[in-house]
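Index from 1, following the sequence. Keep in mind the model is a prediction, meaning the values are calculated, not measured.
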Amino acid sequence: MSKSFSAFGLAVSAVMLTHLPAAAQTKVTNEGISATEIVLGTHQDLSGPIKGWGVPVSNGMKMAVEEINAAGGINGRKIRLVVEDSGYDPKKAVLASQKLIERDKIFAMVGPMGSPTVLAAQDILLDAGVLQLFPLTAAEFTFKFDPAKPQERLKFNNLLPYVESTRAALKYMMEWKNFKKPCIMHQDDEYGKNVLDGFNQQLTVMKVQPASITSYKRGASDFSAQIAKMKSDGCDLVVLGAVLREPIGAMTEAKKLGWDVTFLGATPVNVMEVPMLGKDAVEGLYSASGFEIPYEDTAKGKVKDWLVNYKKMFNTDANTQAIIGYNAVMTFAFYANKAGKDLTGQKMLDALESGEKFLDIFNSPPTKFSKTDHLANTITQVQQVKGGRWVLVKDNLMF
């Protein structure tokens, strides 16, 4: 996001907030808070097409809850986390959210999974006054809000947004490698649309026409038609608005056709499983990313300890998704502590909008919100698969 655009947006939002009628107050729930407990909810894909995200995210969240509670909780209150399985199905996400609100009486929804699933359930949360915090999607609807609609103030996102990160990574790759015929293969949902928007916006600014635009159905496994079309269209750079299995499938198909083309993934592609499962098929893949992925054999200090502890708890290696889930709960805990011993929904909202910075142990960009900006950062990296793991190519990118 350009600095001038950000400044303009903040100024307009500030003016609109200033001129809100007195009656237009944000309703925020006090459910889920007792003298001894804070109840949080989340919905994850634990059984569907992106369970490779949902399972480690929920593990990371559980690990954070255990650490916080073992240290005495948040101002004396222990966290109780209720996890529901959405199967990456919007209808199931709605039912899960209704259950979490009506039966479990959650205080906040933390780290819910997926663009289409979060979008489907978002209004249910906001109407009930439940904070939607740090969802596992960087779609713009999760942080952009209309100041004239008070309930939209309950949305906060600490992930790198798809539009801005796609623009920054694409700009870097186009200028670095001098590509002339970029194309895109994207998932046909809200997530994929955000990546496509970033792709189109950046090419418009650069005055470059896309060589090919193609999509696939969420959960698809055959990409032969899409790859054949892009090869026929002469693409020299393929942007992937994909998640985990699709980059592997697309690059495997390209190799079958003997097509030597450069692939650039959106941020969800930047996970350990892609090189681990894709092996030689994904060697050389580039991806936009928000932070460097730590590996146990090179990590040090608190990060090293965290990776070792995660493996002890779950009998598997930690990954990007686990880190994001862990950070979602740790970020909540930071602001809940700032809200004070007499925790209420309004005090939590005030703490989130206070401008206080949260710094994680992984050297990620700081998380910081204000009353007019509920997005943490837009600083992008580009990483590449080399020797079966992700390595940093370029840091501090903006379009």
Side-chain angles (χ1 to χ4, degrees), residues 23-34 37-51 53-54 57-58 61 79-159 161-162 189-191 193-194 218 324-325 328-329 331-332 335-336 343-346 348-349 352-353 369 374-375:
Q25 298 295 317
T26 303
K27 177 185 74 173
V28 55
T29 189
N30 292 319
E31 296 279 11
I33 307 170
S34 70
E37 188 176 66
I38 302 171
V39 185
L40 302 180
T42 191
H43 59 78
Q44 304 293 329
D45 180 3
L46 305 179
S47 60
I50 59 169
K51 65 182 180 181
W53 267 84
V57 164
S58 61
M61 296 178 78
I79 295 176
R80 177 161 64 90
L81 176 68
V82 185
V83 182
E84 294 291 328
D85 180 13
S86 73
Y88 201 40
D89 181 332
K91 293 180 181 178
K92 290 182 179 179
V94 168
L95 293 173
S97 298
Q98 290 172 331
K99 183 256 184 185
L100 289 166
I101 294 168
E102 297 168 9
R103 187 185 305 176
D104 299 300
K105 307 293 185 183
I106 60 172
F107 175 58
M109 180 75 82
V110 179
M113 169 67 66
S115 296
T117 38
V118 171
L119 178 62
Q122 178 173 270
D123 285 347
I124 295 170
L125 296 173
L126 304 187
D127 289 346
V130 175
L131 289 154
Q132 178 175 281
L133 304 179
F134 329 130
L136 274 296
T137 164
E140 293 192 338
F141 70 83
T142 62
F143 58 86
K144 285 191 173 180
F145 66 100
D146 182 352
K149 298 177 180 178
Q151 291 310 107
E152 293 201 351
R153 280 182 65 202
L154 301 181
K155 303 184 295 183
F156 293 81
N157 197 318
N158 65 342
L159 294 183
Y162 300 135
D189 60 10
E190 188 68 23
Y191 156 58
K193 181 182 180 299
N194 271 251
R218 188 168 64 242
I324 293 172
V329 174
T331 308
F332 169 83
Y335 290 106
L343 180 64
T344 65
Q346 185 59 54
M348 184 68 189
L349 182 57
L352 285 159
E353 294 183 336
F369 305 106
H374 288 187
L375 173 66

Does [X] have any side chain to side chain donor-acceptor pair (under 3.5 Å) partners at least two apart in sequence or in another chain, and if so, which?
| X | result |
| --- | --- |
| Thr142 | Asn157 |
| Glu152 | none |
| Glu37 | Arg80 |

Review point. Checking Thr26 side chain against Pro150 main chain: does a donor-acceptor pair fall under 3.5 Å?
Key: yes
Review point. Can you name the ring-ring contact (aromatic ring centres under 6.0 Å, His included) partners of Phe141, sequence neighbours left out?
Key: none
Practice item. Return the set of residues passing ring-ring contact (aromatic ring centres under 6.0 Å, His included) with Tyr162 (not counting sequence neighbours), or none when no residue passes. Key: Tyr191
Check your understanding: Taking the six-membered ring for Trp, are the ring centroids of Phe143 and His374 within less than 6.0 Å of each other?
Key -> no
Going from [atom1] on [X] to [atom2] on [Y], what distance comes out if it is rounded to the nearest 0.5 angstrom?
| X | Y | atom1 | atom2 | answer |
| --- | --- | --- | --- | --- |
| Thr344 | Met348 | OG1 | CE | 10.5 Å |
| Glu190 | Leu119 | CD | CG | 5.5 Å |
| Leu100 | Leu95 | CG | CG | 11.0 Å |
| Leu352 | Leu154 | CG | CG | 10.0 Å |

Sequence neighbours excluded and cut-off under 3.5 Å, please list the side-chain donor-acceptor pairs for residues 41-49, or say none.
{"residue": "Thr42", "atom": "OG1", "partner": "Gln44", "partner atom": "NE2", "Å": "2.8"}
{"residue": "Thr42", "atom": "OG1", "partner": "Val110", "partner atom": "O", "Å": "2.8"}
{"residue": "Thr42", "atom": "OG1", "partner": "Gly111", "partner atom": "O", "Å": "3.3"}
{"residue": "Gln44", "atom": "NE2", "partner": "Gly111", "partner atom": "O", "Å": "2.6"}
{"residue": "Asp45", "atom": "OD1", "partner": "Ser47", "partner atom": "N", "Å": "3.1"}
{"residue": "Asp45", "atom": "OD1", "partner": "Gly48", "partner atom": "N", "Å": "2.4"}
{"residue": "Asp45", "atom": "OD2", "partner": "Ile50", "partner atom": "N", "Å": "2.7"}
{"residue": "Asp45", "atom": "OD2", "partner": "Lys51", "partner atom": "N", "Å": "3.3"}
{"residue": "Ser47", "atom": "OG", "partner": "Asp85", "partner atom": "OD2", "Å": "2.7"}

Review point. How would you list, by chain and number, every residue that makes a salt bridge (Lys or Arg N to Asp or Glu O under 4.0 Å) with Glu102, sequence neighbours excluded?
Key: none
Review point. Residues two or more places apart in sequence or in another chain: which of them pass salt bridge (Lys or Arg N to Asp or Glu O under 4.0 Å) with Glu353?
Key: Arg153
Review point. Is there a side-chain contact between Tyr335 and Phe369 (heavy atoms, below 4.5 Å)?
Key: yes
Review point. Are side-chain heavy atoms of Phe107 and Leu343 found at a separation under 4.5 Å?
Key: yes
Check your understanding: If you look only at pairs with a residue in residues 89-99, which of them pass as a salt bridge (charged side-chain N to carboxylate O under 4.0 Å, His left out), with sequence neighbours excluded?
Key -> Glu84-Lys99, Lys99-Asp104
Practice item. Sorted by first residue and then second, give each salt bridge (charged side-chain N to carboxylate O under 4.0 Å, His left out) pair with at least one member in residues 129-140; sequence neighbours left out. Key: Glu140-Lys144
N/O donor-acceptor pairs under 3.5 Å from side chains in residues 123-139, not counting sequence neighbours:
{"residue": "Gln132", "atom": "NE2", "partner": "Gln122", "partner atom": "OE1", "Å": "2.9"}
{"residue": "Thr137", "atom": "OG1", "partner": "Ser115", "partner atom": "OG", "Å": "2.6"}
{"residue": "Thr137", "atom": "OG1", "partner": "Ala139", "partner atom": "N", "Å": "3.1"}

Check your understanding: What closest approach, in Å, do Gly325 and Met61 show between heavy atoms, and which atom pair accounts for it?
Key -> O-CG, 3.2 Å
